[in-house]
Amino acid sequence: MAFSEFFYRLREAGLKVSLDEWMTLMEALDRGLADSNIRRFYYLSRCILVKSEADYDLYDQIFRAYFEAGTAEAGIPDSLFSYLRTPMEQMPYDEEEVDERTTLSYDELESLLAQRLAEQKNEHNGGIRWIGTGGTSPLGNSGYSHDGFRIGGTGNRQRAMQVVSEVSYRDFREDEPLDIRHFQTALRRLRQFSARQGQMRDELDLEATVAKTCENAGMLRLVYDYPRKNTVKLITMFDSGGSMEKYARLCSRLFQAVSKENHFKDLKIYYFHNCPYNKLYKDPGCNLAESIDTQWMLRNTDRDYRLLLVGDASMASWELRYYNGNRRNRVSDGVSGVAWLKRIVDHCEQAVWMNPIPKPQWETARGRTTIERIRSVVSMYPLSVEGLEAAIRKLLGIR
């Protein structure tokens, strides 16, 4: 069996690779799906053998140790990573000019990376061409470009089309900030968690009934299972504007993932600024003309809804106590934001708040006072794979 040692190494490392999956990979190779290309084989084998993106990092280490190369990351010298670890500050730039120049496809970026790796011999920073930091090249870190590959460093704007790390796919760890692939992973887990919550086994399982009847010498034995339809009802509220601008792209991905996936019996999506007040908005611009009364929403929403709030919870402390969220031309009702938040949370069966600020920074961030106050009202989780899974478990009452 081809690459049999690789199979055993994966199993020894703790990856749950079954023999059936391995034979499927062998069949795919026999049909030429890897095209005798080590990089295509890498993606093909990862697709078939790895069940969770959280295992990508471990899989990549085993793959590289066994094949000694094959991915884009393997071609990047350690000397390049050594100076990328200490990025320089962002240099001034013209955003429109950079956006026009760095709107590249994935294939173009991949080709450009290979070209730069062949040409670049020295450290470069603050420029527009080479792999470096603080500039406007689409390759490097701690700079700005419309699209690009982040090489080393940490994600700031969440715009990278691909992350190239010293240990590849490290960004698939469960404590890392979410990108679109992470959302897909989390939603798959959500399907598993939510499918059988709060439901009765009242749907006839025909195949199991036939099997049990045969085992019972032909005497009918009915077997029931959970209904396939999801009964979870969800209200999602997004903080919009102000300090949330830098997280807009991340929240947009979460919005798209939640709204397009058919995981809920009913889904309501609203927006707010800083904290929910007496008005909830139907668009991220928080336009008064596209708003509803929060009290009306509570009166017309059953108590079996789960509530998911997304925001950085960062504002001046007086804004949390204010009556209209520091929004001009908003009618005040004399009820503070924190009081409205408590009303909404108490109305729903379960509620969580997801914060895009990494959890270790909650006690030191600019809005640490309001973060602490909001955490006293509703359970808060970081907007990461691990945080989203924990939040979903909380929403569904799973311990």
Item to check | Any donor-acceptor N/O pair, Ser111 side chain to Glu108 backbone, under 3.5 Å | outcome: no
Checklist outcome for this item: Heavy-atom closest pair (Gly387 atom, Ser384 atom, distance to 0.1 Å) is N-OG, 3.0 Å
Checklist entry - Closest heavy-atom contact between Ala391 and Tyr381? => result CB-CD1, 3.8 Å
Item to check | Distance (rounded to the nearest 0.5 Å) between Leu44 CG and Leu29 CG | outcome: 6.0 Å
Checklist entry - Is there a side-chain contact between Met219 and Thr213, using heavy atoms and a 4.5 Å cut-off? => result no
Checklist entry - Would you call Glu349 and Arg306 a salt bridge, taking side-chain N to carboxylate O under 4.0 Å as the test? => result yes
Checklist entry - Can Val210 be reached from Leu222 by stepping across I, L, V, M, F, W or Y side chains whose heavy atoms are under 4.5 Å apart? => result no
Next on the checklist: Just so I know, are the side chains of Tyr247 and Phe238 near enough to count as touching, which here means a heavy-atom distance under 4.5 Å?
Outcome noted: no
Item to check | Evaluation steps, side chain to side chain contact (heavy atoms under 4.5 Å, CB included), between Leu280 and Asp293 | outcome: CA-CA 6 Å; Leu280 296 172; Asp293 291 332; over 6 Å; no
Checklist entry - Looking only at side chains, do Tyr271 and Asp239 share a donor and an acceptor under 3.5 Å apart? => result no
Checklist entry - Under 3.5 Å, is there a donor-acceptor pair between the side chain of Asn216 and the main chain of Lys212? => result no
Checklist entry - Can a salt bridge be assigned to the pair Arg116 and Glu119 using a cut-off of 4.0 Å between side-chain N and carboxylate O? => result yes
Item to check | Side-chain (His347) to main-chain (Thr301) donor-acceptor, under 3.5 angstrom | outcome: yes
Item to check | Minimum heavy-atom distance between Leu320 and Met315, given as atom pair plus value | outcome: N-SD, 3.9 Å
Checklist entry - Could you give the distance from CZ (Phe41) to CZ (Arg46), rounded to the nearest 0.5 Å? => result 13.0 Å
Checklist entry - Would Ser336 and Tyr277 count as having a side-chain donor-acceptor pair, cut-off 3.5 Å? => result no
Item to check | Residues Lys342, Asp346; criterion side chain to side chain contact (heavy atoms under 4.5 Å, CB included); working and verdict | outcome: CA-CA 6 Å; Lys342 192 172 189 310; Asp346 290 344; 2.9 Å; yes
Checklist entry - Run the side chain to side chain contact (heavy atoms under 4.5 Å, CB included) check on Trp22 and Phe6 step by step: do they pass? => result CA-CA 10 Å; Trp22 186 256; Phe6 181 48; 3.8 Å; yes
Checklist entry - Looking at OH of Tyr281 and OG of Ser240, how far apart are the two atoms once the value is rounded to the nearest 0.5 Å? => result 10.5 Å
Item to check | Any donor-acceptor N/O pair, Thr294 side chain to Asn278 backbone, under 3.5 Å | outcome: yes
Item to check | For Ala208, all residues meeting side chain to side chain contact (heavy atoms under 4.5 Å, CB included), sequence neighbours excluded | outcome: Asp205, Val223
Item to check | Connected via hydrophobic side-chain network under 4.5 Å: Leu113 and Trp130 | outcome: no
Next on the checklist: Side chains of Arg373 and Ser376 only: does a donor on one sit below 3.5 Å from an acceptor on the other?
Outcome noted: yes
Next on the checklist: Quick check for you: to the nearest 0.5 Å, what is the distance between Ser18 atom OG and Arg11 atom CZ?
Outcome noted: 8.0 Å
Next on the checklist: Are Leu234 and Lys268 packed together at the side-chain level, in the sense that at least one heavy-atom pair is separated by less than 4.5 angstrom?
Outcome noted: no
Checklist outcome for this item: Closest non-hydrogen atoms of Asn287 and Asp283, given as atom of the first, atom of the second and distance, are ND2-OD2, 2.7 Å
Next on the checklist: Are Cys275 and Leu341 packed together at the side-chain level, in the sense that at least one heavy-atom pair is separated by less than 4.5 angstrom?
Outcome noted: yes
Checklist entry - With distance as the sole criterion, is a donor-acceptor pair present between the side chains of Asn125 and Thr133 under 3.5 Å? => result yes
Checklist entry - Donor-acceptor pair, Thr236 side chain versus Ile269 backbone, under 3.5 Å? => result no
Checklist entry - Is a donor on one side and an acceptor on the other found under 3.5 Å between the side chain of Ser317 and the backbone of Thr370? => result no
Next on the checklist: Given 3.5 Å as the limit, does a donor-acceptor pair link the side chain of Gln120 with the main chain of Asn122, or not?
Outcome noted: yes
Checklist entry - If we ignore angles and hydrogens, is there a donor and acceptor under 3.5 Å between the side chains of Arg101 and Thr136? => result yes
Checklist entry - Is Arg375 salt-bridged to Glu372, going by a charged N under 4.0 Å from an acidic O? => result no
Checklist entry - Which is it for Met380 and Ile374 under the side chain to side chain contact (heavy atoms under 4.5 Å, CB included) test, yes or no, and what are the steps along the way? => result CA-CA 8 Å; Met380 185 176 291; Ile374 288 175; 3.8 Å; yes
Checklist entry - How many angstroms lie between SG in Cys286 and NE2 in His273, if you round to the nearest 0.5 Å? => result 7.5 Å
Checklist entry - Salt-bridged, Arg221 to Glu215, with N to O below 4.0 Å? => result no
I'd like a table of donor-acceptor pairs (distance under 3.5 Å, sequence neighbours excluded) in which one partner is a side-chain atom from residues 353-360, with atom names and distances.
from   : atom 1 : to     : atom 2 : distance (Å)
Trp353 : NE1    : Gly311 : O      : 2.8
Asn355 : OD1    : Ile357 : N      : 2.9
Asn355 : ND2    : Asp312 : O      : 3.1

Checklist outcome for this item: side chain to side chain contact (heavy atoms under 4.5 Å, CB included) filter on Leu307, not counting sequence neighbours, yields Ile235, Met237, Leu309, Ile344, Val345, Cys348, Ala351
Item to check | Between Tyr144 and Asp99, a side-chain donor and acceptor under 3.5 Å | outcome: yes
Checklist entry - Does some side-chain heavy atom of Pro138 sit less than 4.5 Å from a side-chain heavy atom of Leu112? => result yes
Next on the checklist: Is it true that, when you exclude Met297 itself, more than 12 heavy atoms of the residues, nucleotides or ligands shown sit nearer than 6.0 Å to its CE?
Outcome noted: yes
Checklist outcome for this item: Note: Gln90 and Gly134 closest approach over all heavy atoms is NE2-O, 3.3 Å
Checklist entry - About how many Å separate OG of Ser291 and CG of Leu288, when rounded to the nearest 0.5 Å? => result 4.5 Å
Checklist entry - Can you name the nearest heavy-atom pair linking Pro276 to Phe272, along with the distance? => result N-CD1, 3.7 Å
Checklist entry - Would you find more than 12 non-hydrogen atoms of other residues, nucleotides or ligands less than 6.0 Å from Arg31 atom CZ? => result no
